[in-house]
Asker: 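Provided herewith is a single structure, encoded as structure tokens, for subsequent inquiry.
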There are 2 protein chains.
Amino acid sequence: MGTRQATAKRARGADPAATREAILAAATQVFLESGYGAASMDAIAQAAGVSKQTVYAHFGAKDALFGAIIHGRADRILALIPGALGAVRDPAATLTDIGRSYLDLLLTPETLARFRVVVAECMRFPELAAAFHREGPERAVTALAAYLADLDRRGALSVAEPALAAAQFFGALRGDLFLRRLLGVGPPPTAAAVAAAVAAAVRTVLAAHRRD
Amino acid sequence: MGTRQATAKRARGADPAATREAILAAATQVFLESGYGAASMDAIAQAAGVSKQTVYAHFGAKDALFGAIIHGRADRILALIPGALGAVRDPAATLTDIGRSYLDLLLTPETLARFRVVVAECMRFPELAAAFHREGPERAVTALAAYLADLDRRGALSVAEPALAAAQFFGALRGDLFLRRLLGVGPPPTAAAVAAAVAAAVRTVLAAHRRD
DNA sequence: GTCTATAAAAGGATAGAC
DNA sequence: GTCTATCCTTTTATAGAC
């Protein structure tokens, strides 16, 4: 029963910033687990180890708290890609790295849960959905398109429409694996299955844009 | 103020089957528009033009009604594909037809809304999500895989893994268009944009499986 | 800033009349 | 089978003490 407990639970007497972080962490967990509608402010307060009134003191209302846990959490997809630009590596190896890290991130339980709640609430919070798309999928497509355009300039590949090609690559990569996990159908894919999907997507994009 | 009104609204005095249909139609509208949690039985009853008790008399509980409007509504994707099997048409033309009808169906507001609620509630109703996947996406992949395997046998294409190739084709087809509409980001795509996405996906799959 | 206690409203489900 | 009226629980949000 000490006076200081720095974990996510129990923020009694800690500084306000820590309390705020504890609330955000708890809200993330509860919202992603239950969805916006089923998540109660009581459950969030309890998970954060504070009273409900404290939650309201920090965030004002339920929708503001929801916005806070979605915003600013831009999926840090592919810090890889900018580095790939202008690199001299084999395109196949680079695309494989990009594909694997993209798919690994997408198949993470947290990413899937975040995707589910944004999809579920996109009509109620259209700006949140737009921000999510802008900071996540759109950024990934833009970055990969830049890389593909670079390969085209360097003569390694023939890519007439880089943005479309990038969207197709990511789409082919998601294929059925992402859909199954998003819907929670069946067991998680094995590492081998993921690797096979990446390899196939890379083969396909290379074949489609092979230089004549 | 007549005694018979056969439209979706007002089922007073009509036969039970019509009442049931009116409730199903209203429930579909309300659930797809608001999501499971935000949809109230009051709103459904009102939209159907009956009392709440009548809704309960027919379906017993909210979750049962939700199941009824999702189940049995298997997306009738691609009645095309079975017919394509063994056909002598140009594979490019057939794949273009398949791709266009698939994408057109997926971009329908009703399909998008149904997808959203199933994704949103897949943790609460896992069997419903499994049925949705089985009757929709999985069936489409299976059918296209059969067609691709047939093309491989006939020597038109070289498809080593038909199921993976089919999933990739549909994934590439969805690309960014489906994601944007799912999240409600930006305006709907033009017919030209959809046609371009289909054409690009067809080009890609043909290039990837060109016979050596 | 944080807590306990409470207000105020909404929604799922049921009872009983016709 | 259908309707009106009601119960009971849950939930958001606020008041007031420390």
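Fair warning: this is a prediction, and the values are worked out from it, not measured in the lab. Hydrogens, waters and symmetry mates play no part in the numbers below; they use all other heavy atoms, side chains included. The sequence lines fix the lettering, A, B, ..., with proteins before strands; numbering per chain opens at 1.
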Asker: Tell me which nucleotide among C:dA13, C:dT4, D:dC3 gets nearest to the side chain of B:K62.
Answerer: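 It is C:dA13.
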Asker: Between D:dT12, D:dT2, C:dT2, which nucleotide gets closest to the side-chain atoms of A:D42?
Answerer: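 Of the options given, the side chain of A:D42 lies nearest D:dT12.
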Asker: For residues 177-191 of chain A, which residue pairs pass the side chain to side chain donor-acceptor pair (under 3.5 Å) check, not counting sequence neighbours?
Answerer: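 Those involving residues 177-191 of chain A are A:D176-A:R180.
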Asker: How close or far is atom P of D:dT12 from atom CZ of A:F66, stated in whole angstroms?
Answerer: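 Between P of D:dT12 and CZ of A:F66: 13 Å.
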Asker: Look at B:T54 and D:dG1 and indicate whether a side-chain polar atom (N or O) is within less than 4.0 Å of OP1 or OP2.
Answerer: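 No, because none of the side-chain N or O atoms of B:T54 sits under 4.0 Å from OP1 or OP2 of D:dG1.
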Asker: Scan B:A39 against the nucleic acid and name what it touches under 4.0 Å (heavy atoms): base, sugar-phosphate only, or nothing.
Answerer: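 Contact class for B:A39: sugar-phosphate only.
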Asker: What nucleotide, of D:dA13, D:dT2, C:dC3, holds the atom closest to the side chain of A:V50?
Answerer: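 The answer is C:dC3.
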Asker: On the nucleotide D:dG1, are OP1 or OP2 found under 4.0 Å from the side-chain N or O atoms that B:T19 carries?
Answerer: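 No, no such contact exists.
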Asker: Does some side-chain heavy atom of B:L106 sit less than 4.5 Å from a side-chain heavy atom of B:L173?
Answerer: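 B:L173 does not reach B:L106 side chain to side chain.
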Asker: Take atom CE of B:M41 and atom P of D:dT2, then tell me their distance rounded to the nearest Å.
Answerer: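 Nearest whole value for this atom pair: 15 Å.
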Asker: Measure from CD on A:Q53 to P on D:dA17 and round the result to the nearest Å.
Answerer: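 Between P of D:dA17 and CD of A:Q53: 14 Å.
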Asker: Once you round it to whole Å, what is the distance between P of C:dG11 and NZ of B:K52?
Answerer: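 My rounded result for the distance is 9 Å.
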Asker: Could B:K62 and B:Y36 be counted as a cation-pi pair, given that NZ or CZ must be under 6.0 Å from the ring centre and within 45° of the axis?
Answerer: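 The answer is yes; both the distance and angle limits are met.
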Asker: Through what angle, rounded to 10 degrees, does the axis of the helix from C:dG1-D:dC18 to C:dC18-D:dG1 turn between its ends, using five pairs per end?
Answerer: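 One end's axis against the other's: 10°.
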Asker: Could you give the OH-to-C1' distance, from B:Y56 to D:dC7, as a whole number of Å?
Answerer: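 Those two atoms, OH and C1', are 13 Å apart.
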Asker: May I have the distance from B:D63 (atom CG) to C:dG11 (atom C1'), rounded to whole angstrom?
Answerer: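 Rounding to the nearest Å, CG of B:D63 and C1' of C:dG11 are 15 Å apart.
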Asker: Checking B:V141 against B:F169 for the side chain to side chain contact (heavy atoms under 4.5 Å, CB included) test, could you report, in this order, the C-alpha distance in whole Å, the side-chain angles of both residues, the deciding distance, and whether it holds?
Answerer: CA-CA 9 Å; B:V141 167; B:F169 177 69; over 6 Å; no
Asker: Do B:P189 and B:L107 have side chains that get closer than 4.5 Å, going by heavy atoms?
Answerer: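 In short, these two side chains touch, coming nearer than 4.5 Å.
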Asker: Looking at every strand, decide which applies to A:S51 at a 4.0 Å heavy-atom threshold: base, sugar-phosphate, or nothing.
Answerer: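 Result for A:S51 = base.
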Asker: Would B:V117 and B:F132 satisfy side chain to side chain contact (heavy atoms under 4.5 Å, CB included), going step by step from the backbone distance to the final call?
Answerer: CA-CA 11 Å; B:V117 296; B:F132 176 85; over 6 Å; no
Asker: Could you say whether A:A38 or A:G60 is positioned toward the 5' end of DNA chain D, judged by the nucleotide with the nearest heavy atom to each?
Answerer: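 This one resolves to A:A38.
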Asker: Figure out the CZ/P separation between B:R20 and D:dT2, and round it to whole Å.
Answerer: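 The answer, rounded to whole Å, is 11 Å.
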Asker: Grab the CD1-P distance between A:I44 and D:dT11 for me, whole Å please.
Answerer: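 Interatomic distance, CD1 of A:I44 to P of D:dT11: 11 Å.
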Asker: So what does B:A45 hit on the nucleic acid, given a heavy-atom distance under 4.0 Å: a base, only sugar-phosphate, or nothing?
Answerer: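 If one applies the 4.0 Å heavy-atom cut-off, B:A45 turns out to touch nothing in the nucleic acid.
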Asker: Test of understanding: with side chain to side chain contact (heavy atoms under 4.5 Å, CB included), list the residues that count as partners of B:S51, not counting sequence neighbours.
Answerer: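 Counting only residues at least two positions away or on another chain, B:S51 forms a side chain to side chain contact (heavy atoms under 4.5 Å, CB included) with B:Q53, B:T54.
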